[in-house]
Amino acid sequence: MTPADLAEAVVSAIRAAVDAGDLAVTPPDSVVIERPKNRDHGDYATNAALQLAKPAGRPPRDVAEAIAAHLRTSTSIAAVEVAGPGFLNITLSDAAQGELARLIVAAGSAYGTSDTLSKEKVNLEFVSANPTGPIHLGHTRWAALGDALGRILTAAGADVTREYYLNDAGVQVDRFAESLRAAALGHEAPEDGYVGDYVTAIADRIVAAHPDITTMAEPDALAIFRREGMELMLAEIRKSLAEFGVEFDVYFSEQAMRDKGELDAALASLRAHGHVFEQDGAVWLRTTDFGDDKDRVVRKSDGEWTYFAGDCAYYLDKRERGFDRLIYMLGADHHGYVGRLKAVCASFGDDPDKNVEVLIGQLVNLLKDGEPFRMSKRAGTIIWMTDLVDLLGVDAARYALSRYSTDSPIDIDLDLWAKQTSDNPVFYVQYAHARISSLLRNAVELGITRGDDYDPSLLAEPQEGELLGALGEFPRVVTSAAELREPHRVARYLESLAGTYHRFYDACRVLPMGDEPATDTTRARLWLVEATRVVLANGLGLLGVSAPERM
RNA sequence: GCCCCCGUAGCUCAGUUGGAUAGAGCGAGUGCCUUCUAAGCACGAGGUCGCAGGUUCGAGUCCUGCCGGGGGCACCA
């Protein structure tokens with residue numbers, strides 16, 4: 001019996017109580033089922049009676065008793081107690097609890113997926129780093145988190161498009177081209193230009209392909225540096241993202257959007273909605289109508305579009321492609337954008353509370369020996385995604401960036417995350433999976449199979465109950481992580497599950513010792529172990545972290 | 001000055017969207033391997049949930065103010 005099944009059973013019991021005249025309320029569609037921290041409070045607890053006390057006009061404990069009487073008729077439920085202010089503490093029968101392993105094994109990689117968000121067409125935009133440099137540490141947090149969130153939303157049934165906004169038009173790209181040319185000529189980088197090993201590396205490649213470029217007229221040279229520099233940079237970005245396990249469905253080119261006249265179209269639409277005005281020779285959007293700090297310029301007095309104009313057009317483009325939920329993942333240094341993005345949404349006549357969601361991620365620092373870490377070989381202090389992967393590997397890097405709330409700034413202790421010990425959370429979780437895989441291999445060698453079925457009531461040890469209960473939580477963890485846009489919940493859950501498994505493993509021998517024969521308990525436990533493996537693998541998969549069979 | 005985020009055990013952080021006695025891990029202590037991976041497990045100490053009010057049956061969680069830390073407030077991108 002899953003928590004969801006139990007919730008339905010409680011709702012049914014409430015309906016039965018109402019039908020029997022024991023309770024005068026409108027039965028709720030669903031109730032909250034909790035897994036209590038304290039096992040004295042049963043396998044599961046619900047506060048349904050506390051919620052219904054007011055509409056029923058009766059003390060919570062009375063309501064609880066009325067529900068409990070009807071709940072006790074279920075054969076899956078071993079005990080129901082009314083406790084505290086009116087909680088219902090429910091203990092499942094061993095058989096009902098043990099059934100879960102079968103359900104999980106049968107579902108396999110689908111266990112944890114649901115159709116909770118099936119009505120949502122989500123556009124998930126993340127990373128969107130300018131193609132003027134490699135992916136740095138801050139972007140890397142979003143690469144890990146955005147990709148994980150995409151997987152989690154998909155698991156929850158949402159129709160997700162992962163998108164990278166390519167800022168390939170405008171001043172930054174011009175500066176990049178100028179910086180490349182300066183590097184090629186051995187000149188100093190221009191003011192506000194780009195510096196670093198990667199700039200000279202790309203410049204060298206372009207010079208190699210166009211030996212005459214250093215003697216070419218400046219405009220002609222810049223055009224080549226601009227076009228090819230961006231291509232090479234983007235290729236490098238895509239390569240490092242791919243190595244990190246991150247794939248986008250759409251790389252959305254700002255330049256292409258401009259070429260299609262979408263900026264003019266967006267401005268016309270905003271004008272039609274009545275939020276555009278002219279002042280000091282510039283064209284403005286009156287975002288203060290919708291709570292922004294100040295109005296924003298769309299087109300400068302010199303006729304150039306602002307970056308913000310792109311935001312407006314891009315928003316409209318996404319909406320016209322049918323997305324009703326636009327999720328933007330931004331760094332803390334961009335949190336000032338929230339107001340204007342919401343205002344853009346409202347200016348087009350949409351609902352900023354529904355159509356636009358902005359997730360703000362706090363900053364990431366690396367620590368080594370308790371001190372801020374710097375790349376020693378380089379003058380620059382910027383740390384790239386590839387540096388982090390070199391230091392920790394993809395699994396540890398992704399996991400380290402995914403296990404914390406986006407609200408909290410994170411200090412990644414390189415010593416800790418590079419460790420091959422249980423101090424390192426990702427190893428702790430992966431080790432549980434490897435340990436299970438090893439056990440299952442041993443079972444095969446001993447010629448023991450779990451068979452087509454097992455007796456679920458044999459999974460009656462306390463550690464088995466704990467493990468089953470933990471496995472049963474997984475679908476709810478996934479849906480809550482999806483609904484709250486909080487991938488770290490999956491990581492924390494996996495750590496807890498790994499611990500629960502290790503305790504089970506310590507307490508319950510699975511395979512027979514010596515010449516002993518395999519028993520029904522052996523087979524029942526093999527189902528439970530395989531179910532655990534499935535959940536660990538599915539959960540790690542949601543984070544884009546591998547589930548190794550050997551370590 | 002205004003806006004956003006944070007403040008929970010010595011350290012790093014969770015806290016099931018308002019529930020029962022606030023939890024893990026690390027650090028430090030003591031045990032547990034002649035058989036499934038000891039990269040593991042078991043046993044304890046450690047707290048005014050920044051402070052002060054408020055909302056209610058009930059607040060770490062919601063509201064207000066204050067203190068402290070981080071980040072941000074362009075006709076830049």
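Proteins get letters first, then strands, A, B, ... in listed order; numbering begins at 1 in each. Bear in mind the structure is a predicted one, so any value in this text is a computation, not a measurement.
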*Can you tell me, in whole Å, how much space there is between the C1' of B:rA45 and that of B:rC11?*
16 Å
*Pick the P atom in B:rA59 and in B:rG54, then give their distance to the nearest Å.*
12 Å
*Aromatic ring centroids of A:Tyr165 and A:Tyr314 under 6.0 Å?*
yes
*When you compare B:rG69 with B:rC51, how far apart are their C1' atoms, in angstrom units rounded to a whole number?*
15 Å
*asked:* Treating primed atoms plus P, OP1 and OP2 as sugar-phosphate and everything else as base, which nucleotides of nucleotides 71-76 of chain B get B, S or - for protein heavy atoms under 4.0 Å?
replied: BSSSBB
*Does some side-chain heavy atom of A:Lys300 sit less than 4.5 Å from a side-chain heavy atom of A:Trp305?*
no
_Nearest heavy-atom neighbours spanning A:Ser301 and A:Ala282_ = N-CB, 3.9 Å
_Between B:rC4 and B:rC43, how many Å separate the two C1' atoms, rounded to a whole number?_
45 Å
*Are A:Phe126 and A:His139 close enough that their ring centres sit under 6.0 Å apart?*
no
*Pick one for B:rC33: is it syn, with its angle within 90° of 0, or anti?*
syn
*When the distance from CG of A:Asp506 to P of B:rC36 is rounded to whole Å, what number comes out?*
12 Å
*Could you summarise the pairing of RNA chain B as dot-bracket text, marking Watson-Crick and G-U pairs under 3.5 Å with ( ) or [ ] inside the strand and | across strands?*
(((((((..((((.....[...))))..((((.......))))......(((((..]....))))))))))))....
*Examine B:rU37: is either OP1 or OP2 under 4.0 Å from a nitrogen or oxygen in the side chain of A:Asn442? Give yes or no.*
yes
*B:rG15 phosphate, OP1 or OP2: any side-chain N/O from A:His488 under 4.0 angstrom?*
yes
*Residues A:Arg258, A:Glu262: salt bridge by 4.0 Å N-O rule*: no
_What's A:Asn89 touching, base or sugar-phosphate or nothing? Going by heavy atoms closer than 4.0 Å._
base
*Between B:rU35 atom C1' and A:Glu445 atom CD, what is the distance in whole Å?*
13 Å
*What residue among A:Val510, A:Leu468, A:Thr532 forms side chain to side chain contact (heavy atoms under 4.5 Å, CB included) with A:Phe504?*
A:Val510
*Distance between the P atoms of B:rC62 and B:rA14, in whole angstroms?*
15 Å
*asked:* Salt bridge or not between A:Glu178 and A:Arg175? Use side-chain N to carboxylate O under 4.0 Å.
replied: no
_Using a strict threshold of under 4.0 Å (side-chain N to carboxylate O), is an ion pair present between A:Asp506 and A:Arg503?_
no
_Over 60° means perpendicular and under 30° means parallel, so tell me whether A:Tyr404 and A:Trp417 are parallel, tilted or perpendicular._
perpendicular
_A:Glu278/A:Arg271 salt bridge by N-O under 4.0 Å criterion_ = yes
*asked:* Should A:Tyr505 be counted as stacked on B:rC36, where stacking needs a ring-centre gap under 5.5 Å and an angle between planes under 30 degrees?
replied: yes
*Using a strict cut-off of less than 4.0 Å between a Lys/Arg side-chain nitrogen and an Asp/Glu carboxylate oxygen, indicate whether A:Arg485 and A:Glu357 qualify as a salt bridge.*
yes
*With rounding to whole Å, what would you report as the distance between B:rG31 and B:rC36 at their C1' atoms?*
23 Å
*Base, sugar-phosphate alone, or nothing: which one does A:Ile360 contact when heavy atoms must sit under 4.0 Å apart?*
nothing
*In whole Å, what separates the C1' atom of B:rG70 from that of B:rA28?*
31 Å
_B:rG15 phosphate, OP1 or OP2, under 4.0 Å from A:Arg489 side-chain N/O_ = yes
*Between atom NE2 in A:His41 and atom P in B:rG23, what is the gap in whole Å?*
11 Å
_Atom-pair distance (CD on A:Glu516; C1' on B:rC36), nearest Å_ = 12 Å
*Rounded to the nearest Å, what distance is computed from the CZ atom of residue A:Arg492 to the C1' atom of nucleotide B:rA24?*
8 Å
*Specify the separation, in whole Å, of atom CG of A:Asn47 and atom P of B:rG19.*
8 Å
*Report which part of the nucleic acid A:Ala432 touches: base, sugar-phosphate, or nothing (heavy-atom distance under 4.0 Å, all strands).*
nothing
_Polar side chain donor-acceptor pair, A:Asn167 to A:Glu254, under 3.5 angstrom_ = yes
*For RNA chain B, which residues in residues 400-412 of chain A have a heavy atom at a distance below 4.0 Å?*
A:Tyr404, A:Ser405, A:Asp407, A:Ser408, A:Pro409
*For A:Glu549, which contact category applies under a 4.0 Å heavy-atom criterion: base, sugar-phosphate, or nothing?*
base
*For A:Ala83, report the nucleic acid contact type (base, sugar-phosphate, nothing); a contact means any heavy atom under 4.0 Å.*
base
*Under 4.0 Å between any heavy atoms, over every strand shown, what does A:Tyr428 touch: base, sugar-phosphate, or nothing? Just pick one.*
sugar-phosphate
*Atom pair distance, as rounded to whole Å: CZ in A:Phe87 and P in B:rU21*: 9 Å
*If you measure from the Lys or Arg side-chain nitrogens to the Asp or Glu carboxylate oxygens, is any gap between A:Lys368 and A:Asp415 under 4.0 Å?*
yes
*Exercise: identify the closest heavy-atom pair between A:Tyr454 and A:Leu100*: OH-N, 4.4 Å
_I'd like the P distance from B:rG10 over to B:rG47, given in whole Å._
6 Å
*Could you state the atom-to-atom distance from OH of A:Tyr399 to C1' of B:rG25 in whole Å?*
11 Å
